[in-house]
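Single-structure report; data block below.
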Amino acid sequence: MKALVYDGPGQIEWREHPDPKIQEDTDILLRVTSTTICGSDTHIIKGGVPDTPNGTVLGHEGVGIVEEVGAAVRNVRAGDRVLAACVSACGYCRFCTSGLYGQCLNGGWALGHHIDGLQAEFGRVPFAQNSVYKIPDELTDEQVIFLTDILATGYEVGVLRGQVTPGDTIVIVGAGPVGLSTVLTAQLFSPANIVVVDLVENRRRKALELGATHAVGPDEVHDLVAELTGGLGADVTIEAAGFPKPFELATELVRPGGRIANIGVHEEPATLHLETLWAKQITLTTGIPSALSVPSLMKAITAGTFDPTALISHRLSLSDMEKGYDIFKNAAETDALKVVLSQ
């Protein structure tokens with residue numbers, strides 16, 4: 001088969017790679033019909049995830065047709081159309097039994113990280129019982145592909161862990177794909193104000209299109225939040241950029257008793273200013289998704305509550321994977337959000 005192979009920092013190639021095989025009774029083999037590129041993939045390529053072995057097929061977001069199932073798999077069968085979550089969950093370890101699938105001791109973020117992923121013509125998905133979801137016939141690949149990661153991440157790690165409630169003023173720092181996914185899913189809880197902060201005008205404009213009430217640059221946001229909240233600060237701030245300054249901005253904007261939800265993938269230290277936060281009784285959460293929200297989010301998409309396809313900026317053939325990476329990593333010039341690649 002053909003696959004996008006990581007050969008070390010700065011080195012990827014779309015080339016022939018051994019076909020995947022069933023290794024455990026809990027595996028399935030998937031013929032990938034659609035996949036996409038994530039910021040986490042670019043972190044790997046930059047050397048920011050050093051435990052990814054050279055020779056690994058990248059990609060942890062995939063939709064496709066089940067080709068073969070292991071003997072223990074009962075929830076899907078050959079011919080089913082499924083999406084594979086970005087985290088693989090054994091279902092029986094200390095963390096899985098607590099619903100923390102992202103921390104699974106036997107899986108977690110495995111695809112495209114510790115084992116071959118789904119930026120390929122075929123892929124092996126471990127622990128299929130807890131890691132894949134059947135797709136209703138009425139939904140297209142494009143409508144569900146982002147449930148594999150960014151929609152689940154924005155919703156679970158941002159909206160749910162941030163405890164967004166009706167009437168809240170929330171601030172989302174960073175209007176990349178995950179930040180914009182948070183804009184979409186936050187609306188399920190009817191906040192009064194969704195303020196998006198980003199340096200890039202096109203992304204601020206996109207945030208408004210997707211339902212943000214305000215979209216501003218970092219220099220404007222303090223005054224805006226003070227005006228919206230009577231000087232108290234935001235009920236919830238969600239950091240979705242993964243850099244020190246956006247994180248520190250999120251801590252500055254939260255009100256006493258408020259919540260800060262960190263989504264961003266950080267490669268360098270960020271300062272937690274406890275000299276100003278110690279008495280504010282804030283709650284700070286971090287994490288990666290479990291993808292347990294996929295069924296409910298899929299129902300919302302089916303009902304027309306929100307449209308994830310609005311996040312797609314580029315559509316390419318699977319064989320154009322290297323071109324897709326060039327587009328994605330040069331987003332300032334290409335206006336890339338999500339690049340979807342399909343067979």
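Any value given below was found using the heavy atoms of this structure, including those in side chains, with hydrogens, waters and symmetry copies removed. From a predicted model like this one, the values you see are computed outputs, not experimental measurements.
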Not counting sequence neighbours, which residues clear salt bridge (Lys or Arg N to Asp or Glu O under 4.0 Å) with [X]? List them please.
X      : result
Arg81  : Asp141
Glu138 : none
Asp7   : Arg15

Check: [Y] main-chain N/O paired with [X] side-chain donor or acceptor under 3.5 Å:
X      : Y      : value
Gln119 : Thr36  : yes
Ser313 : Ala336 : no
Ser131 : Ala89  : yes

* For Ser317, which residues count as a side-chain contact (heavy atoms from CB on, under 4.5 Å) partner, sequence neighbours excluded? -> Ser319, Asp320

Quick test of your reading: applying salt bridge (charged side-chain N to carboxylate O under 4.0 Å, His left out), list the pairs with at least one residue in [range], sequence neighbours left out, ordered by first then second residue.
range            : answer
residues 167-190 : Asp168-Arg259
residues 236-258 : Asp235-Arg255
residues 276-294 : none

* Asked: Is there a side-chain contact between Val195 and Ile170 (heavy atoms, below 4.5 Å)?
  -> no

* Do Asn330 and Tyr325 touch side chain to side chain, with heavy atoms closer than 4.5 Å? -> no

* Asked: So, are Asp27 and Arg124 salt-bridged, with charged N and O less than 4.0 Å apart?
  -> yes

Taking only distance into account, with no hydrogens and no angle test, what donor-acceptor pairs under 3.5 Å do side-chain atoms of residues 207-220 form with protein atoms, sequence neighbours excluded?
unit_1	atom_1	unit_2	atom_2	d
Thr213	OG1	Ile194	N	2.9
Thr213	OG1	Ile194	O	3.1
Glu220	OE2	Gly217	N	3.2

Check: residues 66-75 side-chain donor-acceptor pairs under 3.5 Å, at least two apart:
unit_1	atom_1	unit_2	atom_2	d
Arg74	NH1	Ala71	O	2.7
Asn75	ND2	Ala128	O	3.2

Quick one: side chains of residues 55-65, donor-acceptor pairs under 3.5 Å with protein atoms, not counting sequence neighbours, listed by atom name and distance.
unit_1	atom_1	unit_2	atom_2	d
Thr56	OG1	Pro53	O	2.7
His60	NE2	Asp149	OD2	2.8

* Qualifying ring pair (Phe, Tyr, Trp, His ring centres under 6.0 Å) pairs, either residue in residues 110-158, two or more places apart -> Trp109-His113

Report, as yes or no, whether the 6.0 Å neighbourhood of atom [atom1] on [X] holds more than 12 heavy atoms from other residues, nucleotides or ligands.
X      : atom1 : answer
Glu201 : CD    : no
Lys46  : NZ    : yes
Gln11  : CD    : yes

Using atom types as modelled, flag every donor-acceptor pair under 3.5 Å from a side chain in residues 285-294 to any protein atom, sequence neighbours excluded.
unit_1	atom_1	unit_2	atom_2	d
Ser290	OG	Glu156	OE1	3.2
Ser290	OG	Leu292	N	3.1
Ser293	OG	Glu156	OE2	2.7

